[in-house]
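See below for the structure under consideration.
Note on naming: letters A, B, ... go to the chains in the order of the sequence lines (proteins, then strands), and numbering restarts at 1 for each one.
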Protein chains: 2
Amino acid sequence: MDTSIKKKRMRGRLSREMIEDAAFEVIEKEGLAGFSMRKLAAALGCEAMSIYHHFPSVAHLHEALVDRLVGALEMPDAGLPWRQRMRIAIEDFRRIGRDHPAYATFFVTYRMNSPICLAWLNGILSLFRDGGFDTELSARLFRAVGYYLMGAVLDENAGYAKGPSAVNTVSDEQLARDFPNVMAAGRFFGTAEFDKTFELGLDMLLDEMERLRDGVGAGQLSGKV
Amino acid sequence: MDTSIKKKRMRGRLSREMIEDAAFEVIEKEGLAGFSMRKLAAALGCEAMSIYHHFPSVAHLHEALVDRLVGALEMPDAGLPWRQRMRIAIEDFRRIGRDHPAYATFFVTYRMNSPICLAWLNGILSLFRDGGFDTELSARLFRAVGYYLMGAVLDENAGYAKGPSAVNTVSDEQLARDFPNVMAAGRFFGTAEFDKTFELGLDMLLDEMERLRDGVGAGQLSGKV
DNA sequence: CTTGACAACTTACACTGTAAGGTTCATTTT
DNA sequence: AAAATGAACCTTACAGTGTAAGTTGTCAAG
């Protein structure tokens, strides 16, 4: 029987790293929703349950994937100007989405509490502290910038440019007729415009952080509401 | 047989509105992942397949839910100051998440292309135009502010404060020892701090938009990197 | 050569969305 | 009043999911 041959081939072949590699591939090929243990097993040439020997559940596997992506992040050189360091750290994170677009929605909705993720988070908070902010402002600015970053990663990888997720879509003619602003803006919502738009918002936040540090804080503009 | 009684009770009872109401309830009670057509049917006192008479698929149902939430949004009074109008529109959207926390992750990852959502989008783009920005800047600022808003809705309803989604969590002792910055910042990551943090980031963006309109644009600060 | 541990496989279960087709009942037409 | 129509709901079934439990194959140490 060739089953014996097959079995001979399989024994001791799997490893956590191999499984993670294959998982990234399957996710990007089949989409996040299309990913399953059985499809992953098929890609690996083994049975679904074999994976459970290395990862006790899909949740554990997913966490390993997040950890690998976040674990690869390095803190920007402390010798660089602060604004540049912040920009690099943010762009590094953003690049994860770019490299794993299908995984981005999971990545962004994942609550990072694993040791590896906490280490990264700890480093980023240090970076804010280095900007001259106290604990409270560091925490809040991290959140604010993080909100922006998360939203951007989400949109850039799973947003408008990827086509509608709506079931009742609207034709181009109807769009032009009924929603002219959307029609006009659409030109700036595509993939080619991601960088420029992201830079705009990021510069806005970086500018404000510098102003905050210099005592010209947010909401201190005349005419504030 | 009491089946006849049961059936008598059922006929003509369901409606799209009823199903949507029940769906919101089930989602908030069971969580987004715990939602299913069978659980929804159970909540309605009918069979799963009965729902398909009113909604051809779960996707259609979900779209109806999003449409209902977005459809309820109204554009802020055009007579108010621009900054206030913008703030109100943003807070209105944010409130959706607050009212439907479990639905927030779906809501935020949903690509709004239904007519109702496009109408809202069209109105918001008008609001940006009213701020004195041209088509391009309106589009980009909408995106930038939208990124921030989406990230905030995500975090406030499915983020850190909801506990870890990680499988390998870290004890408080280890957190204090190995990740002191996270430990210190944690105090500002809770639900009670959402409003203040959100206001900070929002004010930063609003300030910058006003500056942009007045010709002191983002990235024009001295020392920009 | 035996033993034991480990890695992979097999089977089975409870769950999911939904396609296909059957049943029942209100309404409308004759 | 009787018949026909069609909407509303139900039943059954299938392919897919994660994974618990039990089984088998393989290799290394005694």
Hey, mind stepping through M75(A) and I88(A) against side-chain contact (heavy atoms from CB on, under 4.5 Å) and telling me if it holds? CA-CA 9 Å; M75(A) 286 300 143; I88(A) 291 171; over 6 Å; no
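- We find that CG of L40(B) is positioned 14 Å from C1' of dT18(C), with the value rounded to whole Å.
- Here the side chain of L14(A) is nearest to one of dA8(C), dC9(D), dT18(C), namely dA8(C).
- Rounded to 10 degrees, the angle separating the terminal helix axes of the helix from dC1(C)-dG30(D) to dT30(C)-dA1(D), each built from five base pairs, is 20°.
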Side-chain atoms of residues 173-183 of chain B: list all donor-acceptor pairs with protein atoms under 3.5 Å, sequence neighbours left out, distances to 0.1 Å.
unit_1  : atom_1 : unit_2  : atom_2 : d
N181(B) : ND2    : N122(A) : O      : 3.0
N181(B) : ND2    : S126(A) : OG     : 2.9

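- Separating the OH atom of Y52(B) from the C1' atom of dT12(D) is a distance of 15 Å, rounded to the nearest angstrom.
- Using a 4.5 Å heavy-atom cutoff, the side chains of R16(B) and E20(B) are in contact.
- Every residue two or more places apart in sequence or in another chain that forms a side chain to side chain contact (heavy atoms under 4.5 Å, CB included) with A184(B) is listed here: T135(A).
- Side-chain polar atoms of H60(B) and S57(B) form a donor-acceptor pair below 3.5 angstrom.
- Listed by chain and residue number, F189(B) satisfy the ring pair (Phe, Tyr, Trp, His ring centres under 6.0 Å) test with F142(A) (two or more places apart in sequence, or in another chain).
- Checking the phosphate oxygens (OP1, OP2) of dC9(C), a side-chain nitrogen or oxygen of S50(A) falls inside 4.0 Å.
- The separation between I51(A) atom CD1 and dT17(D) atom C1' is 13 Å, rounded to whole Å.
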List every contact pair, protein side and nucleotides 11-16 of chain C side both N or O, where the distance is under 3.5 Å.
unit_1  : atom_1 : unit_2 : atom_2 : d
dT16(C) : OP1    : S36(B) : OG     : 2.8

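- The environment of CZ in R98(B) is crowded: more than 12 heavy-atom neighbours from other residues, nucleotides or ligands sit within 6.0 Å.
- The side chain to side chain donor-acceptor pair (under 3.5 Å) contacts involving residues 107-116 of chain A comprise E63(A)-Y110(A), D67(A)-S114(A), where partners must be two or more places apart or lie in separate chains.
- Interface residues of residues 54-69 of chain A facing DNA chain C, ordered by number: H54(A); criterion, heavy-atom separation under 4.0 Å.
- For Y148(B), the ring pair (Phe, Tyr, Trp, His ring centres under 6.0 Å) partners two or more places apart in sequence, or in a different chain, are Y147(A), F198(B).
- Qualifying side-chain hydrogen bond (donor to acceptor under 3.5 Å, both in side chains) partners for R95(B), counting only residues two or more places apart in sequence or in other chains: D92(B).
- By the ring pair (Phe, Tyr, Trp, His ring centres under 6.0 Å) test, F35(A) pairs with H62(A), sequence neighbours left out.
- DNA chain C is contacted by no residue of residues 18-28 of chain A, taking any non-hydrogen atom closer than 4.0 Å.
- Under the ring pair (Phe, Tyr, Trp, His ring centres under 6.0 Å) criterion, F55(A) pairs with no residue, sequence neighbours left out.
- Residues T197(A) and R140(B) bring a donor and an acceptor atom of their side chains to less than 3.5 Å of each other.
- The side chain of H53(A) sits closest to dA7(C) out of dA7(C), dA7(D), dC10(D).
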